[in-house]
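To start, the structure under review is shown below, and the notes come after it.
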2 protein chains.
Amino acid sequence: MTDARPASPRRAEILAAAADLFARRGYHGTSIGDLGGALGLTGPALYRHFRGKDAVLAEILVDISERLRDEGTRRAAAPDPSAALDALLDWHISFALDNPALITVHERELDNVPEPQRHQVRRVQRAYVEEWVAVLRRLRPDEPEQRIRAAVHACFGLLNSTPHSATGLDRPAMAALLHTMARAALCC
Amino acid sequence: MTDARPASPRRAEILAAAADLFARRGYHGTSIGDLGGALGLTGPALYRHFRGKDAVLAEILVDISERLRDEGTRRAAAPDPSAALDALLDWHISFALDNPALITVHERELDNVPEPQRHQVRRVQRAYVEEWVAVLRRLRPDEPEQRIRAAVHACFGLLNSTPHSATGLDRPAMAALLHTMARAALCC
DNA sequence: GTGCGATGTTAACGCTCATTAACAAGGTTC
DNA sequence: GAACCTTGTTAATGAGCGTTAACATCGCAC
């Protein structure tokens with residue numbers, strides 16, 4: 001959309017490799033040569049698919065934020081607010097456990113996204129947060145909205161901590177633990 | 001200690017400015033010229049006080065990790081495990097709210113610390129986590145240790161999320177919210 | 001007041017990086 | 001089979017970076 005280019009398999013490969021490298025070494029710590037090398041190509045080959053290095057990062061972040069929000073909007077629409085919260089938790093937790101690199105990049109590299117798209121990502125991120133806030137307001141109508149919003153941000157910090165801590169728990173146990181902890185933190 | 005240099009006021013100024021810049025733009029996104037410029041100096045002036053750019057980062061991270069662990073060890077020694085947990089929470093929360101830049105750098109830039117000190121930081125970080133784990137094991141002896149350790153990491157994610165989300169809550173309200181949420185998450 | 005260590009400066013070096021230019025090979029269209 | 005678009009390559013460009021060298025200044029020891 002922002003690049004007006006078709007979604008080729010090569011593009012997808014580059015985006016996946018870039019997300020992995022950006023997560024491991026950071027945007028500035030990853031060279032265009034590293035990126036090409038990860039796919040068996042040379043650096044300049046990337047310019048056949050992207051306008052530049054920052055366009056790769058921008059597309060990654062726009063994609064992540066929209067995926068999170070789109071499914072979040074869907075799950076927040078459940079009639080029962082408690083069920084909606086559980087559905088949101090399940091969604092975010094499974095996304096974080098399935099895509100630790102994406103979560104890391106999404107958390108750390110927004111400042112390196114060029115300006116037209118940085119605003120877009122921020123807007124979509126805000127919309128995702130507001131889905132959570134809306135559900136929690138239905139669940140606890142007495143709570144001030146600012147406090148709810150701060151609690152949602154803190155909850156994301158809890159859920160997104162997974163990639164940074166490789167513990168000895170297997171995936172189902174980790175998912176259950178995060179769900180229990182987050183629910184307890186939000187409903188205290 | 002690692003640099004065998006005296007603690008001059010200039011050194012402290014550089015470390016403070018570096019922590020702020022590293023937190024805002026990342027280690028690779030901050031040049032030695034930016035760093036000097038933040039203090040009204042030129043870039044090369046830094047080499048009168050540090051061996052190089054990575055030595056500045058190393059000293060920041062060693063200092064943070066040791067400050068966290070030292071006070072953590074003190075507070076974890078409280079006889080009542082529940083009181084010890086509250087004391088640990090108060091400590092970590094006040095540190096995070098008082099030093100958002102330090103928390104950010106501590107969380108993100110360990111991979112850029114050169115090798116002799118990276119190991120040291122990891123070791124001290126692990127010791128800090130183990131203080132928390134030990135308190136929680138006293139509090140909930142039935143829980144498997146791996147699960148407790150994973151919960152502590154997730155709790156740090158919750159507490160350390162503060163710098164990334166500037167909400168409309170004032171400091172006491174934020175501290176109280178984080179304490180309540182973290183306690184609920186850990187004791188669920 | 002001479003010498004000197006501490007703490008700056010500017011200039012220069014060498015390297016890496018993102019990006020572009022020029023060129024090559026393969027597949028598809030007509 | 002000729003023209004062409006796609007997708008690569010290597011070579012070159014220009015900027016920025018960390019670092020070092022050479023030089024200046026200032027305050028203090030003696």
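The chains referred to below are lettered A, B, ... by the order of the sequence lines, with proteins before strands, and numbering in each begins at 1.
- Regarding B:His49, its NE2 atom lies at a distance of 16 Å from the P atom of D:dT20, rounded to whole Å.
- One can place CG of B:Leu46 at 14 Å from P of C:dT10, the figure rounded to the nearest angstrom.
- In this structure, B:Arg118 contributes its side chain and B:Asn112 its backbone to no donor-acceptor pair below 3.5 Å.
- Contact annotation: A:Arg10 reaches the phosphate of D:dG8 (side-chain N/O to OP1 or OP2, under 4.0 Å).
- Judged by distance alone, the side chain of A:Ser31 and the main-chain N or O of A:Gly33 form a donor-acceptor pair under 3.5 Å.
- Counting only N and O atoms by type, the side chains of B:Ser65 and B:Arg126 include no donor and acceptor under 3.5 Å apart.
- Side-chain atoms of B:Trp91 come within 3.5 Å of backbone atoms of B:Leu68 as a donor-acceptor pair (strictly under, hydrogens ignored).
- Atom pair B:Leu39:CG and C:dT7:C1' shows a separation of 14 Å (rounding to whole Å applied).
- Going from atom CG of B:Leu41 over to atom P of D:dA24 covers 20 Å, rounded to whole Å.
- The salt bridge (Lys or Arg N to Asp or Glu O under 4.0 Å) pairs that include a residue from residues 16-26 of chain A are A:Asp20-A:Arg24, A:Arg25-A:Asp34, where partners are two or more places apart or lie in different chains.
- No side-chain donor-acceptor contact under 3.5 Å links B:Asp63 to the backbone of B:Glu59.
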I'd like a table of atom pairs between the protein and nucleotides 12-19 of chain C - only N or O on both sides, under 3.5 Å - with the distance next to each one.
unit_1, atom_1, unit_2, atom_2, d
C:dA18, OP1, A:Thr30, O, 3.4
C:dA18, OP1, A:Lys53, NZ, 2.6
C:dA18, OP2, A:Ile32, N, 2.6
C:dT19, OP2, A:Tyr47, OH, 2.5
C:dT19, OP2, A:Lys53, N, 3.0
C:dT19, O5', A:Tyr47, OH, 3.1

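- When rounded to the nearest whole Å, the span between CZ of A:Arg48 and P of D:dT10 equals 14 Å.
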